[in-house]
Amino acid sequence: RTLRQQTIHGLDFTVVPLASNDFSGILPQRTPVSEIGREPKPAKPGAIYFTQYQSLLVAGNSAKAVEAVAAHLTGGSAPAIADDANFAADRISQFHNSPLYYGWFNGSKFFGMLATVPDDDADSDAPSFMPRMNTAKILAAAGLDKLKSASFAVREQPDGSTVTMHLSAPESTRTGLLKMLAIAPKEAGIPAFVPASATKFTRIRLDGRQTWADLQKMIANISPQYLASLNAVIDMANTLAQQKDPGFDLRTALFNNLGDDIISYEKPPAGDSLADESSPPALYLIAVNNADQAINGIKTLMSLTAPQAGAPAPRDYRGHKIYSIAQRTRRIPGADPAPSSYLYLSSSSGYVAISKDVGILEEFLRSSEGSVKPLRESPGIAEAAAQIGGTGGGLFSYENQRETMRAAFKLLKASASGDGSMRMLPPLFRDWTDFSLLPAYDTVAKYFYLSVFNGSANAGGLSLKIFTPRPPQLN
């Protein structure tokens, strides 16, 4: 490349010209949209501006981006982020005690600017079978236009590391997604029926019925036609179900039947194959007011995607019914038909239980017999939860990183042997990585332990805290 020099506020910047394909295979490329009779606009060539001022490296993708920094470094008075009222408030509340890293996002400015950008197809004459999307309307419906800022901070202590994230969105102005994510401050600790062998656990006290109402309102604010399409699908499901049960109504059976508790947990893989490692047993529990109605509603929805005529009949298991719902299988031309797969449903303790693995489902149904060693009594979890303020904020999650990383090492090493999983990475990254060089996991297992996080909402915004304790083996 032919480099050039440019002086900005007395500082000498080196300018590196970029070509349109410099980051091909690393960054996603936007496909140019062309219409009949119109020439596509050519992409503007980019450049990187960089200089060093004392110990500070300054780099940017335009002269305007680095000009304000250069002005400050040389004694100028250009506007600074410290003058922003939202940043000043977050600096006091979120960036105290000198975090190791922190970052800040100006939501008000970004989404305000985004709302004024013309939509790509605003002046397009091309026909569309769906209503055209308006960016400003989408942002307002999702409530993102009321997001003041987002921030994160990372702190290192002798006993572990803490990451805090915060969305500044006053309660009085929350709508759309921000309103739905503002969960109530309810207990989200690990119930006694979750086994100690679980490697992941998440619980969120989300009011399902209210969330469904807010979701419909948000869709209607984006486009009444989209809400009409959603209602048409529900009405079609009702019509099919009412052929057998004239009184069936999906809204009553499922959406208006939801409670305020969702739990999921995962156990170690059942076998050593790559298929087992990539799909460990997982169980999902949804609190409902009437379990039989909810199961009937789920079965009705699933029947829209796959025929259920060949599914096994419900069976009794220790006083509970287990239902098998057939799932759609992908057919590959020239290959043998894929084996049938099922989603298993049952209910206990006010929850509908859903899993692809019948073993973990049966274990949950047996848990009332007191034969399960509880996860919440495992060493380190209670102490770690206390570091982030406990489990009463409405959202809590746990991960046994020692076991999840064991599976990750195995999958990464297998990808190096050509099993095809590397295709998920961009082409250039495949050339940069060689996972066959990873050490044997047992030699590095001592560096992994567990992590927990919780979420909460208050009058000022939404917060998430993550804590990773120092592994006891390193003490």
Side-chain angles (χ1 to χ4, degrees), residues 130 180 204 206-220 223-264 279 281-331 337-362 364-365:
M130 295 293 286
M180 286 186 271
I204 179 169
L206 188 69
D207 188 327
R209 184 171 181 173
Q210 183 60 48
T211 301
W212 171 246
D214 291 337
L215 178 61
Q216 292 179 94
K217 184 177 180 180
M218 185 179 74
I219 294 174
S223 170
Q225 290 175 259
Y226 282 110
L227 181 61
S229 299
L230 175 62
N231 284 325
V233 173
I234 296 175
D235 291 338
M236 180 173 65
N238 281 336
T239 300
L240 293 174
Q242 288 167 2
Q243 295 176 5
K244 296 182 179 179
D245 181 2
F248 178 83
D249 179 69
L250 184 59
R251 295 176 180 85
T252 301
L254 185 57
F255 303 119
N256 295 333
N257 191 14
L258 297 172
D260 66 349
D261 200 1
I262 301 174
I263 296 174
S264 68
S279 184
L283 182 70
Y284 301 88
L285 303 172
I286 303 172
V288 294
N289 298 313
N290 187 310
D292 291 337
Q293 286 186 355
I295 289 175
N296 198 20
I298 295 172
K299 289 166 58 181
T300 300
L301 275 181
M302 294 297 292
S303 67
L304 297 179
T305 62
Q308 301 297 317
R315 64 182 177 90
D316 290 315
Y317 182 80
R318 302 199 179 193
H320 303 275
K321 288 280 189 183
I322 296 180
Y323 300 85
S324 302
I325 301 178
Q327 295 183 281
R328 173 173 290 185
T329 56
R330 286 196 330 178
R331 297 184 179 276
S340 300
S341 61
Y342 298 96
L343 195 66
Y344 300 99
L345 273 69
S346 190
S347 63
S348 179
S349 306
Y351 296 97
V352 169
I354 307 172
S355 181
K356 292 183 179 180
D357 183 276
V358 72
I360 194 174
L361 178 62
E362 292 177 349
F364 165 68
L365 298 177

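- Judged as a side-chain hydrogen bond (donor to acceptor under 3.5 Å, both in side chains), and not counting sequence neighbours, the contacts of Q210 are D214.
- Put simply, CD1 on I234 and CG on L301 are 8.0 Å apart, with the number rounded to the nearest 0.5 Å.
- Closest non-hydrogen pair, A253 versus F248, comes out as CB-CE1, 3.8 Å.
- Looking only at side-chain heavy atoms (C-beta outward), I298 and Y323 stay at 4.5 Å or farther from each other.
- Under the side-chain hydrogen bond (donor to acceptor under 3.5 Å, both in side chains) criterion, Q293 pairs with no residue at all, not counting sequence neighbours.
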Quick one: side chains of residues 344-354, donor-acceptor pairs under 3.5 Å with protein atoms, not counting sequence neighbours, listed by atom name and distance.
unit_1: S346; atom_1: OG; unit_2: K321; atom_2: O; d: 2.6
unit_1: Y351; atom_1: OH; unit_2: D261; atom_2: OD2; d: 2.7

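- Among residue pairs with one or both ends in residues 339-348, none qualify as salt bridge (charged side-chain N to carboxylate O under 4.0 Å, His left out); sequence neighbours excluded.
- The side-chain hydrogen bond (donor to acceptor under 3.5 Å, both in side chains) test applied to Y342 returns no partner, not counting sequence neighbours.
- Scored by the side chain to side chain contact (heavy atoms under 4.5 Å, CB included) test, D292 finds N290 as partners (sequence neighbours excluded).
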Original post:
So V233 and L304, side chain to side chain contact (heavy atoms under 4.5 Å, CB included) or not? Walk me through it.
Top reply: CA-CA 9 Å; V233 173; L304 297 179; 4.2 Å; yes
Between L254 and T300, is the side chain to side chain contact (heavy atoms under 4.5 Å, CB included) condition met? List the steps.
CA-CA 10 Å; L254 185 57; T300 300; over 6 Å; no
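- Nearest heavy-atom pair across A326 and A311 is N-CB, 4.2 Å.
- With sequence neighbours excluded, the residues satisfying side chain to side chain contact (heavy atoms under 4.5 Å, CB included) with S341 are Q327, T329.
- Atoms OG1 and CD1, on T211 and I262 in that order, are 7.5 Å from each other to the nearest 0.5 Å.
- Here N231 pairs with R251 under the side-chain hydrogen bond (donor to acceptor under 3.5 Å, both in side chains) rule; sequence neighbours left out.
- At most 12 heavy atoms of other shown residues, nucleotides or ligands fall within 6.0 angstrom of atom NZ in K217.
- R209 pairs by the salt bridge (charged side-chain N to carboxylate O under 4.0 Å, His left out) definition with nothing, not counting sequence neighbours.
- Applying the side chain to side chain contact (heavy atoms under 4.5 Å, CB included) rule to L215 yields the partners M180, W212, M218, I219; only residues at least two apart in sequence or on another chain are considered.
- The distance from the CG atom of D249 to the CG atom of N256 is 8.0 Å, given to the nearest 0.5 Å.
- The list of salt bridge (charged side-chain N to carboxylate O under 4.0 Å, His left out) pairs with a residue in residues 353-362, not counting sequence neighbours, reads R315-E362.
- Side chains of I322 and L365 form a contact here, defined as non-hydrogen atoms less than 4.5 Å apart.
- With sequence neighbours left out, the salt bridge (charged side-chain N to carboxylate O under 4.0 Å, His left out) criterion links D207 to no other residue.
- Judged by distance alone, the side chain of N257 and the main-chain N or O of V288 form no donor-acceptor pair under 3.5 Å.
- Remark: side-chain polar atoms of S264 are not paired, donor with acceptor, to backbone N or O of Y284 under 3.5 angstrom.
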>> Walk me through whether Y317 and L361 qualify under side chain to side chain contact (heavy atoms under 4.5 Å, CB included).
In response: CA-CA 10 Å; Y317 182 80; L361 178 62; over 6 Å; no
